[in-house]
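Working notes, structure below.
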2 protein chains.
Amino acid sequence: MTRRDTYVCGIDAAIDVVGGKWKVLILWALDEGPLRFGELRRGIPGVTEKVLTTHLRELENDGIVSRDEAFEGAVRRVAYTLTPLGVSLNEALAPLGDWGRKHLLSEHHEPGEVSPR
Amino acid sequence: MTRRDTYVCGIDAAIDVVGGKWKVLILWALDEGPLRFGELRRGIPGVTEKVLTTHLRELENDGIVSRDEAFEGAVRRVAYTLTPLGVSLNEALAPLGDWGRKHLLSEHHEPGEVSPR
DNA sequence: CAGCATCCCAGACGATACTG
DNA sequence: CAGTATCGTCTGGGATGCTG
């Protein structure tokens, strides 16, 4: 998933940034706060480490997430955080998420059920 | 571009609907009003007929656009229109479009320049 | 005019194993 | 822990040509 270089309008550029198979899931997971690599992987069932890594690199290149590495003794600790740009992206994504939840996955929801995001 | 069948949340479902390379461009073109196949193709420089066709079929299956066929004498006239669902999708897409225009393609815009969408 | 039918390819995605 | 390194698959997308 390498970014294209010519865009006709803002939407297709944004879609390109966010279009990886797991990108929005990463963004959404990080919306709660910073997460480590392993936490992220466990939080998104189905991603392989390789794909998660490349997606994170791309999001980093696009300025959406920041990667902070640190060492505690011998163990590495890498935390991923949404940048302000990432936060604003998530906000811009919200209406689309509402739309999708409402029109795409609204089959059989019991009233008391926890609503997905 | 066949739709997936399991979604974690609304956003990734929506991204899946709108994730084709030319989908948002189609949606945006149709936002002004119904267009014929040829008009659509000319309005989106770069799409091949095959891809435009498949994208349109998928959008049709998802209930985003409607296809209306008619004959005027010997010539076919096929018009594509946004359904109400498609209109609502376009509205949900607007904030993301704003975000992309602002943060992704804001390099070197002269003050008097026409602003892309 | 509005498309199918074919053939083809890059690269996104996945599975598995290994490492600093 | 947080990744690389390989290898393999799959399919979205493109090029070209033909048709009702």
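A, B, ... follow the sequence lines: proteins, then strands. Residue 1 opens every chain.
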Rounded to whole angstroms, how far apart are [atom1] on [X] and [atom2] on [N]?
| X | N | atom1 | atom2 | value |
| --- | --- | --- | --- | --- |
| Phe37(A) | dA2(D) | CZ | C1' | 6 Å |
| Ile44(A) | dC13(C) | CD1 | P | 13 Å |
| Leu40(B) | dC1(C) | CG | C1' | 14 Å |
| Phe71(A) | dG3(D) | CZ | C1' | 11 Å |
| Arg42(B) | dA2(C) | CZ | C1' | 12 Å |
| Ile26(A) | dA2(D) | CD1 | P | 15 Å |
| Glu49(B) | dT6(C) | CD | P | 17 Å |
| Leu35(B) | dG3(C) | CG | P | 13 Å |

Strictly below 4.0 Å: does [X] bring a side-chain N or O up to OP1 or OP2 of [N]?
| X | N | answer |
| --- | --- | --- |
| Arg57(A) | dG3(D) | yes |
| His55(A) | dC13(C) | yes |
| Arg4(A) | dG13(D) | no |

Nearest listed nucleotide, side chain of [X], among [options]:
| X | options | result |
| --- | --- | --- |
| Lys21(B) | dG14(D), dG3(D), dA2(C) | dG14(D) |
| Thr53(B) | dG20(C), dG14(C), dC4(C) | dC4(C) |
| Lys50(B) | dT4(D), dG20(D), dC7(C) | dC7(C) |
| Trp22(A) | dG14(D), dG3(C), dC13(C) | dC13(C) |
| Val51(B) | dA2(C), dC13(C), dG14(D) | dG14(D) |
| Arg36(B) | dA2(C), dG14(D), dG3(D) | dA2(C) |

Identify, between Arg76(A) and Thr48(A), the residue whose nearest nucleotide on DNA chain C lies closer to the 5' end.
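Its nucleotide being nearer the 5' end, the pick is Thr48(A).
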Show the nearest heavy-atom pair for residues Glu49(A) and Phe37(A), with the distance to one decimal.
O-CZ, 4.0 Å
Which pair of non-hydrogen atoms, one from Leu85(A) and one from Asp62(A), has the smallest distance, and what is that distance?
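Closest pair (atom of Leu85(A), atom of Asp62(A), distance): CD2-O, 3.6 Å.
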Under 4.5 Å between any side-chain heavy atoms of Ile26(A) and His55(A), yes or no?
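Yes - at least one pair of side-chain heavy atoms lies under 4.5 Å apart.
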At under 4.0 Å between heavy atoms, what does Val78(B) touch on the DNA or RNA strands: base, sugar-phosphate, or nothing?
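Since only primed, P, OP1 and OP2 atoms lie under 4.0 Å of Val78(B), the category is sugar-phosphate.
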Evaluation steps, side-chain contact (heavy atoms from CB on, under 4.5 Å), between Leu105(A) and Cys9(B)
CA-CA 8 Å; Leu105(A) 32 91; Cys9(B) 62; 5.9 Å; no
Mapping Arg67(A) and Glu58(B) onto DNA chain D by nearest heavy atom, which one lands closer to the 5' end?
Arg67(A)
To the nearest 0.5 Å, tell me how far Leu89(A) CG sits from Leu82(A) CG.
8.5 Å
